[in-house]
There are 2 protein chains.
Amino acid sequence: MTWHEELTKQGYRISGPRRRIMELLSDTRTPLTPALIHKHLALEGKPLSLASVYRALDLLAELNLLCQVYFSDGTLGYMAHTGGHHHHVLCRRCNRSMEFGGHEDLDELTERVQAETGYVINEHLLQFYGLCPSCAALRQELA
Amino acid sequence: MTWHEELTKQGYRISGPRRRIMELLSDTRTPLTPALIHKHLALEGKPLSLASVYRALDLLAELNLLCQVYFSDGTLGYMAHTGGHHHHVLCRRCNRSMEFGGHEDLDELTERVQAETGYVINEHLLQFYGLCPSCAALRQELA
DNA sequence: GTAATATTGAGAAACTTTCTCAATAAGGAA
DNA sequence: TTCCTTATTGAGAAAGTTTCTCAATATTAC
């Protein structure tokens with residue numbers, strides 16, 4: 001199901017701001033913050049009210065059409081969601097982010113933590129941080 | 001090593017604000033945001049400049065005397081750090097948080113992700129969300 | 001095309017975080 | 001203990017982020 005269809009199915013409209021944000025994020029390999037999205041679109045000659053950026057991001061993330069990614073400094077960015085449950089690995093240097101799939105890997109740990117703590121767990125937050133291949137190569141050269 | 005010793009060893013002073021924040025967080029079982037810490041201390045008759053709260057939290061977290069925990073809405077809270085590498089499980093309803101130890105569980109996954117993505121991974125963010133035992137029990141009763 | 005209404009823009013308002021600099025207080029030395 | 005050096009704080013301004021309001025606009029269904 002495309003994001004057009006998902007929005008329509010849920011009773012939302014395909015508006016200009018929503019389309020521009022989806023297009024921008026689909027073309028971008030680093031997560032973008034609301035402020036960055038606002039700036040990018042303005043530079044492309046498609047200015048968008050900052051309030052609209054926030055509203056669209058909230059909705060699109062709510063519908064799982066975008067996903068939220070924490071930079072290592074704690075600020076929140078958004079990326080296009082490619083479908084399926086997955087997490088992200090982020091480059092500390094260039095912010096380039098990749099997905100990796102499968103949360104089965106956490107099932108065992110989740111069970112253990114439920115048993116240890118008595119909590120009933122129904123969600124998790126998982127991200128990895130490091131250096132992407134090209135930044136890692138660059139660091140090698142400089143060393 | 002106590003937090004007094006750690007601060008001293010690193011060349012920092014044991015100031016009133018730092019002490020009050022450490023004491024407050026040691027007595028609290030939910031992570032607290034800077035604003036909440038500021039409010040709590042003011043109510044206890046130990047008002048603290050908000051700027052000092054931010055400065056102390058930054059330093060104490062940097063030295064691993066406090067740890068940062070994300071609420072499920074993305075805001076950041078702080079908890080006393082009890083030592084050793086661990087993560088947190090958070091109650092969605094009452095925010096009460098518990099630690100669970102051992103990151104060995106992620107070693108295998110980390111290896112897989114490095115192989116799949118080519119990233120060099122050196123840090124991770126992991127938290128679980130759910131209901132603590134008492135909130136889960138409460139929900140049972142109401143059901 | 002038209003009507004109904006979801007969505008946007010613009011700016012105000014609320015909230016959060018950082019900054020500046022004079023005043024204060026912590027820790028070492030005498 | 002008292003003094004000295006200087007790290008740290010307080011207060012408020014400033015910068016930055018997020019939310020809110022409401023008239024104007026744009027999308028969708030008919």
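Convention: sequence-line order gives letters A, B, ...; per-chain numbering from 1.
- Here the side chain of A/A51 is nearest to one of D/dC20, D/dG10, D/dT19, namely D/dC20.
- Between the side chain of A/R55 and the base of C/dG9, a donor-acceptor pair under 3.5 Å is found.
- In summary, the aromatic rings of A/H38 and A/H40 are positioned with their centroids too far apart to meet the 6.0 Å limit.
- When the nucleotides C/dT17, D/dT28, D/dT8 are ranked by their closest atom to the side chain of A/R13, D/dT28 comes out on top.
- Nucleic acid contact class of B/I14 (heavy atoms, under 4.0 Å, all strands): sugar-phosphate only.
- Between the CG atom of B/L50 and the C1' atom of C/dC19 there is a distance of 13 Å, given to the nearest Å.
- In this structure, B/Y129 has its ring center no closer than 6.0 Å to that of A/Y119.
- Atom-to-atom, CG of A/L36 to C1' of D/dT17 comes out at 13 Å; the value is rounded to the nearest Å.
- Each of A/P17 and B/T8 has a nearest nucleotide on DNA chain C; the 5'-most of these lies closest to A/P17.
- When ring centroids are compared, A/H124 and A/H85 come within the 6.0 Å threshold.
- Residue B/D58 contributes atom CG, which lies 10 Å from atom P of C/dC19 at whole-angstrom precision.
- Backbone-only engagement by B/R18 is indicated by non-hydrogen atom pairs under 4.0 Å involving sugar-phosphate atoms exclusively.
- In this structure, CZ of B/R20 is placed 13 Å from C1' of C/dA26, rounded to the nearest angstrom.
- Between A/Y54 and D/dT19 there is no side-chain polar atom (N or O) within less than 4.0 angstrom of OP1 or OP2.
- Residue A/E5 qualifies as enclosed at atom CD: its count of foreign heavy atoms under 6.0 Å is above 12.
- The backbone N or O of A/M22 lies less than 3.5 Å from a partner atom in the side chain of A/S26, making a donor-acceptor pair.
- For the pair B/L7 CG and D/dT9 P, the computed distance is 10 Å after rounding to whole Å.
- When rounded to the nearest whole Å, the span between CG of A/L48 and P of D/dA26 equals 13 Å.
- The interatomic distance linking B/E5 (CD) with C/dG27 (P) rounds to 13 Å, in whole Å.
- Listed pair B/S52 / D/dG10 meets the phosphate criterion, a side-chain N or O lying under 4.0 Å from OP1 or OP2.
- For the pair A/R19 and B/Y12, both in contact range of DNA chain D, the more 5′-proximal nearest nucleotide belongs to B/Y12.
- Taking side-chain N and O atoms only, A/S49 has no distance below 4.0 Å to OP1 or OP2 of C/dA10.
- Place A/S15 and B/G16 on DNA chain C by their nearest nucleotides, and A/S15 ends up nearer the 5' end.
- When rounded to the nearest whole Å, the span between CD1 of B/I37 and C1' of C/dT17 equals 14 Å.
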